[in-house]
Protein chains: 2
Amino acid sequence: MPRATAATEKKVTDLLKRQTLSVTESRKRILQLFLEQPGALSHGDIEKRAGGMFDRVTIYRTLQTFVDRGLIHTIPSADNAIRYALCKDECGDGHHRHEHIHFVCTECEQTFCLDEVVTPVIRLPKGYSTDQIEILVQGKCKQCTVAERR
Amino acid sequence: MPRATAATEKKVTDLLKRQTLSVTESRKRILQLFLEQPGALSHGDIEKRAGGMFDRVTIYRTLQTFVDRGLIHTIPSADNAIRYALCKDECGDGHHRHEHIHFVCTECEQTFCLDEVVTPVIRLPKGYSTDQIEILVQGKCKQCTVAERR
DNA sequence: AGATTTTTGCAACTATGTTGCTATTTCGGT
DNA sequence: ACCGAAATAGCAACATAGTTGCAAAAATCT
Ligand SMILES: [Mn+2]
Ligand SMILES: [Mn+2]
Ligand SMILES: [Zn+2]
Ligand SMILES: [Zn+2]
């Protein structure tokens, strides 16, 4: 895994500038980590992968900034470690619009956005209103299923 | 809110004995807290409501025991505080079977099990298998909607 | 009631997340 | 390229969440 090719360097810089965010080392590196990785990342994952390059607080603040700007979104979990994943186009400064589900693999422990699976409508009892729906499916992911079949 | 009426005292004792669990002060009190409360409780909630009566570790261990025996189940969250709620009949020693959704109210911040709302089937792409589905709906709950209408 | 088993409380530790403050970096204008 | 203002990073200190080992206390069994 290369530190940063000229191409990805440009890509993350452009992404940051598009959100009128200052281009800093930590923001570039953290954004790059998300781009070069299929699954979601927790704060701890990022800390490890960045190899002590940045302060813990900087990582927390960078993640929060990215969430605020609609670059990444949070994924709830049952193990008390919020995960983050890249947003697609629809999200932006101050607003998120997600209609996909999240998949947690019990084998590789990774969390994925399944963008092609749309969240169904949930009919609630009278008196309840819906702001947002989050669907977490737990099971075995594609890669792990294939690996097992070998 | 009474400490423990004779009736609830008997009820929690019976529940514990049915699971062949020793009947202790902490288990009785924590179970009682769940029974006298409509929403889910986090470890922190229980610590506060028990008023320093028990050690933090005891509460953690009691909750884990209750989860293992199928008395309560966990509810994932986006705020890094796992919540717990009573199971209905279907769950037991070593197994949980839940098909209801969870509702998080943005007003009162409470989390509720909506037992009457059944989780829909989620069709996944080829290669993925499903163990468990967790649905979290965020919005305004019944009580808060009524309160607003006043 | 006494022996045995289970549970509790304490201490010590790790992980996760937040806030205030100062030094450093980024960026816009010259 | 350089300067000043504004934004960001790092540090320290703190708060909350969760875990483990061990000895004392209690619940259960006979
Ligand atoms: Mn997602
Ligand atoms: Mn529930
Ligand atoms: Zn997997
Ligand atoms: Zn409410």
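Order of the sequence lines sets the chain letters (A, B, ...), proteins ahead of strands, with each chain counted from 1.
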In Å and rounded to the nearest 0.5 Å, what is the [atom1] to [atom2] distance from [X] to [Y]?
| X | Y | atom1 | atom2 | answer |
| --- | --- | --- | --- | --- |
| A:H43 | A:R56 | NE2 | CZ | 5.5 Å |
| A:I133 | B:I135 | CD1 | CD1 | 8.0 Å |
| B:Y84 | B:Q64 | OH | CD | 6.5 Å |

Output the rounded distance in Å from [atom1] ([X]) to [atom2] ([N]).
| X | N | atom1 | atom2 | value |
| --- | --- | --- | --- | --- |
| A:D55 | C:dG17 | CG | C1' | 13 Å |
| B:M53 | C:dT8 | CE | C1' | 14 Å |
| A:D45 | C:dA15 | CG | C1' | 13 Å |
| A:I59 | C:dT16 | CD1 | P | 12 Å |
| B:Q19 | C:dT7 | CD | P | 13 Å |
| A:L63 | C:dG17 | CG | C1' | 12 Å |
| A:F66 | D:dT8 | CZ | P | 11 Å |
| A:L16 | D:dT8 | CG | C1' | 13 Å |

Compare all side-chain heavy atoms of [X] with those of [Y] and state whether any distance is below 4.5 angstrom.
| X | Y | value |
| --- | --- | --- |
| A:T13 | A:K17 | yes |
| B:I101 | B:V137 | yes |
| B:P125 | A:E116 | yes |
| B:Y60 | B:D55 | no |

(request) Classify the nucleic acid contact of A:S26 as base, sugar-phosphate or nothing, counting any heavy atom under 4.0 Å across all strands shown. (result)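 Counting heavy atoms under 4.0 Å across all strands, the contact made by A:S26 is with sugar-phosphate only.
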(message) To check you understand the geometry: which heavy-atom pair defines the closest contact between A:C105 and A:C141, and what is its length?
(response) SG-N, 3.4 Å
(request) Work out which heavy atom in A:C87 is nearest to a heavy atom in A:I72; give both atom names and the distance. (result) SG-C, 3.3 Å
(message) Can a donor-acceptor pair be found, under 3.5 Å and without considering hydrogens, that links the side chain of B:H98 to the backbone of B:E134?
(response)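 Looks like no, no N/O pair under 3.5 Å.
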(message) So for the helix from C:dA1-D:dT30 to C:dT30-D:dA1, with five pairs setting each end axis, what is the inter-axis angle to 10°?
(response)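 End-to-end axis angle for the helix from C:dA1-D:dT30 to C:dT30-D:dA1: 40°, rounded to 10°.
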(request) Only one of A:T8, A:V12, A:L15 passes side chain to side chain contact (heavy atoms under 4.5 Å, CB included) with A:K28; say which it is. (result)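 That would be A:V12; it is the only one of A:T8, A:V12, A:L15 passing the side chain to side chain contact (heavy atoms under 4.5 Å, CB included) with A:K28.
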(request) Quick one, give me the B/S/- string for nucleotides 14-23 of chain D, reading 5' to 3', where B means a protein heavy atom under 4.0 Å from the base and S means that only happens at the primed atoms, P, OP1 or OP2. (result) ---BBBBB--
(request) Summarise protein proximity over nucleotides 23-30 of chain C in one line of letters, 5' to 3': B for base, S for sugar-phosphate only, - for none, counting protein heavy atoms closer than 4.0 Å. (result) ---SS---
